Novice: 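My questions will all concern the structure given below.
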Amino acid sequence: MLSTKFLYEIEKNNNKDTATTLLLDQNYTGQLYSNDDDDYYSFNIDQSGKIDLNFITPSDSSLYDYYSIVIRDSSLNAISSIETGKDIT
């Protein structure tokens with residue numbers, strides 16, 4: 001069950017070595033400081049299976065409407081990715 005309490009990212013988390021460690025089944029909130037800010041998060045899993053990630057973008061800002069979300073393994077190989085907010089034609 002997902003917690004209703006929000007935890008916060010730890011800055012600077014701009015690369016693998018400074019990633020904010022996430023606890024599973026918790027809500028986190030973060031902040032981007034510029035349109036080229038990359039935030040890294042890490043979590044450990046001990047078995048194969050499905051990962052559910054909910055990513056909620058602010059509805060009151062047009063400055064950072066586009067996001068790339070990538071789940072990577074410990075060697076930074078992309079396992080899954082999605083682009084959000086882009087117009088589709």
Side-chain angles (χ1 to χ4, degrees):
M1 175 176 250
L2 199 60
S3 170
T4 56
K5 179 178 128 183
F6 279 87
L7 302 172
Y8 295 92
E9 71 173 321
I10 298 171
E11 287 290 352
K12 286 195 156 198
N13 60 335
N14 297 337
N15 60 55
K16 176 185 172 186
D17 296 329
T18 59
T20 297
T21 302
L22 302 179
L23 301 172
L24 300 181
D25 296 321
Q26 299 294 317
N27 292 307
Y28 285 83
T29 187
Q31 181 174 345
L32 297 175
Y33 291 99
S34 68
N35 62 352
D36 61 348
D37 184 13
D38 290 332
D39 285 344
Y40 282 71
Y41 300 88
S42 66
F43 55 91
N44 294 312
I45 52 175
D46 58 3
Q47 61 188 10
S48 62
K50 181 180 174 183
I51 298 171
D52 289 319
L53 173 69
N54 295 311
F55 183 80
I56 301 169
T57 60
S59 60
D60 60 349
S61 172
S62 62
L63 184 57
Y64 307 118
D65 285 341
Y66 304 105
Y67 299 89
S68 292
I69 301 145
V70 183
I71 296 177
R72 299 180 182 275
D73 65 17
S74 59
S75 298
L76 296 180
N77 298 307
I79 297 170
S80 181
S81 64
I82 189 169
E83 302 271 329
T84 67
K86 291 194 175 180
D87 296 331
I88 298 174
T89 57

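Computed from a prediction, not measured in an experiment: that's the story for all the values here.
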Novice: Determine whether N27 and L7 make a side-chain contact, defined as any pair of heavy atoms from C-beta on separated by less than 4.5 Å.
Specialist: no
Novice: Can you name the side-chain contact (heavy atoms from CB on, under 4.5 Å) partners of S81, sequence neighbours left out?
Specialist: V70
Novice: Measure across Q31 and E11 and return the closest heavy-atom pair with its distance rounded to 0.1 Å.
Specialist: O-OE2, 3.6 Å
Novice: For N15, enumerate each residue passing the side chain to side chain donor-acceptor pair (under 3.5 Å) test, keeping only those at least two apart in sequence or located in another chain.
Specialist: T18
Novice: Nearest 0.5 Å please: distance from the CG atom of N77 over to the CD1 atom of I79.
Specialist: 8.0 Å
Novice: Transitively linked via ILVMFWY side-chain contacts under 4.5 Å: L23 with I51?
Specialist: yes
Novice: Counting C-beta onward and ignoring hydrogens, is there a side-chain heavy-atom pair between F43 and L24 closer than 4.5 Å?
Specialist: yes
Novice: Of all heavy-atom pairs between S68 and E83, which one has the smallest distance, and what is that distance?
Specialist: OG-OE2, 2.8 Å
Novice: Looking only at atom types and distance, does a side-chain atom of K16 sit under 3.5 Å from a main-chain N or O of S74, one as donor and one as acceptor?
Specialist: yes
Novice: State which residues pass ring-ring contact (aromatic ring centres under 6.0 Å, His included) with Y8; sequence neighbours excluded, sorted by chain then number.
Specialist: none
Novice: Can you name the side-chain contact (heavy atoms from CB on, under 4.5 Å) partners of I10, sequence neighbours left out?
Specialist: T20
Novice: What distance do K12 atom NZ and D39 atom CG have between them, rounded to the nearest 0.5 Å?
Specialist: 11.0 Å
Novice: Calculate, to the nearest 0.5 Å, the distance between atoms CD1 and CD1 belonging to I82 and I69 respectively.
Specialist: 6.5 Å
Novice: Not counting sequence neighbours, list each pair that qualifies as a side-chain hydrogen bond (donor to acceptor under 3.5 Å, both in side chains) and has a residue in residues 40-50.
Specialist: E9-Y41
